[in-house]
Amino acid sequence: MAMIPITILVPAYNEAAAVVDVVKQCRSALAEKVSDLEILVVDDGSSDGTARAAETAGARVISHPVNRGYGRAILTGLDHARHNWIGLIDADGSYSPA
């Protein structure tokens, strides 16, 4: 099976406490399985440092200045993704990237 490049899209709103682990787990689960991995967090107007936490964990971050909603965060991520293949996961850690 050929390895492909993939963007993992993580819409986030006030998830500073969880987003670091989600980014790290995504990287760990996929690093050896894809040719290029982009983890893109769309910070949807958070006030708790979500963007800073995600960047510290190694994600690329696009930020909305105000909360625009989950759907708009996904659309923003789709517009900014570097790869054609896109995975979607929540920032709260409710799903295991593995």
Side-chain angles (χ1 to χ4, degrees):
M1 176 194 251
M3 291 177 53
I4 60 167
I6 189 168
T7 296
I8 300 299
L9 173 55
V10 187
Y13 178 66
N14 288 335
E15 294 293 352
V19 74
V20 170
D21 285 339
V22 170
V23 169
K24 288 179 179 180
Q25 289 175 20
C26 285
R27 189 166 310 287
S28 176
L30 295 169
E32 302 295 322
K33 297 179 174 119
V34 299
S35 62
D36 187 33
L37 175 61
E38 173 189 37
I39 301 174
L40 176 59
V41 173
V42 178
D43 174 38
D44 192 27
S46 298
S47 60
D48 70 344
T50 293
R52 184 173 46 257
E55 286 175 341
T56 298
R60 184 165 76 101
V61 177
I62 304 292
S63 293
H64 290 165
V66 297
N67 184 265
R68 298 182 65 195
Y70 186 74
R72 183 69 248 175
I74 291 171
L75 292 173
T76 296
L78 293 175
D79 287 342
H80 288 87
R82 291 186 181 142
H83 303 301
N84 292 329
W85 288 91
I86 299 170
L88 178 67
I89 193 164
D90 290 341
D92 64 1
S94 58
Y95 302 102
S96 170

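- The backbone N or O of Arg52 lies less than 3.5 Å from a partner atom in the side chain of Thr56, making a donor-acceptor pair.
- Here the straight-line distance linking atom CD1 of Ile4 with atom CG of Leu37 works out to 11.0 Å at 0.5 Å rounding.
- The two atoms that bring Ala59 and Val41 nearest to each other are CB-CG2, 3.7 Å, heavy atoms only.
- Scanning both residues, Val22 and Ala91, for their nearest heavy atoms gives CG2-O, 3.6 Å.
- Checking side-chain atoms of Arg27 against main-chain N and O of Gly58 turns up a donor-acceptor pair under 3.5 Å.
- In this structure, Leu9 is not a member of the same hydrophobic cluster as Trp85, with clusters built from ILVMFWY side-chain heavy atoms closer than 4.5 Å.
- Contact annotation: the side chain of Pro5 never approaches that of Val34 to less than 4.5 Å [non-hydrogen atoms, C-beta and beyond].
- The number of heavy-atom neighbours closer than 6.0 Å to CG of Asn84, taken from other residues, nucleotides and ligands shown, is 12 or below.
- Interatomic distance, CG of Leu75 versus CZ of Arg68, reported as 9.0 Å (0.5 Å rounding).
- Heavy-atom contacts from other residues, nucleotides or ligands closer than 6.0 Å to OH of Tyr70 number more than 12.
- Asp36 and His83 share a donor-acceptor pair across their side chains, judged by distance under 3.5 Å alone.
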Intermediate values then yes/no, side-chain contact (heavy atoms from CB on, under 4.5 Å), Glu55 and Arg60: CA-CA 6 Å; Glu55 286 175 341; Arg60 184 165 76 101; over 6 Å; no
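- Taking OG of Ser94 as the start and CD1 of Ile89 as the end, the distance is 7.5 Å to the nearest 0.5 Å.
- Cluster membership check: Val23 does not share its hydrophobic cluster with Leu40, using side-chain heavy-atom separations under 4.5 Å among Ile, Leu, Val, Met, Phe, Trp and Tyr.
- When atom types are taken as modelled, the side chain of Asp90 and the backbone of Asp92 share no donor-acceptor pair closer than 3.5 angstrom.
- Between the side chain of Gln25 and the backbone N or O of Pro97 there is no donor-acceptor pair closer than 3.5 Å.
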Pair Glu38-Ile8, side-chain contact (heavy atoms from CB on, under 4.5 Å): steps then yes or no: CA-CA 6 Å; Glu38 173 189 37; Ile8 300 299; over 6 Å; no
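- For the atom pair Ile62 CD1 and Asp44 CG, the distance stands at 12.5 Å (nearest 0.5 Å).
- Within the 3.5 Å criterion, the main-chain N or O of Lys24 finds no donor-acceptor partner in the side chain of Ser28.
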Residues Met3, Lys33; criterion side-chain contact (heavy atoms from CB on, under 4.5 Å); working and verdict: CA-CA 6 Å; Met3 291 177 53; Lys33 297 179 174 119; 5.8 Å; no
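- With no hydrogens or angles considered, a side-chain donor-acceptor pair links Asp43 and Ser46 at under 3.5 Å.
- Remark: the backbone N or O of Ile86 is not paired with any side-chain donor or acceptor of Thr7 at under 3.5 angstrom.
- The two residues Ala51 and Ser63 make their nearest non-hydrogen contact at CB-OG, 3.8 Å.
- Cluster membership for Val10 and Val42, using ILVMFWY side-chain heavy atoms within less than 4.5 angstrom, is not shared.
- Between Thr50 and Ala12, the closest heavy-atom pair is CG2-CB, 3.7 Å.
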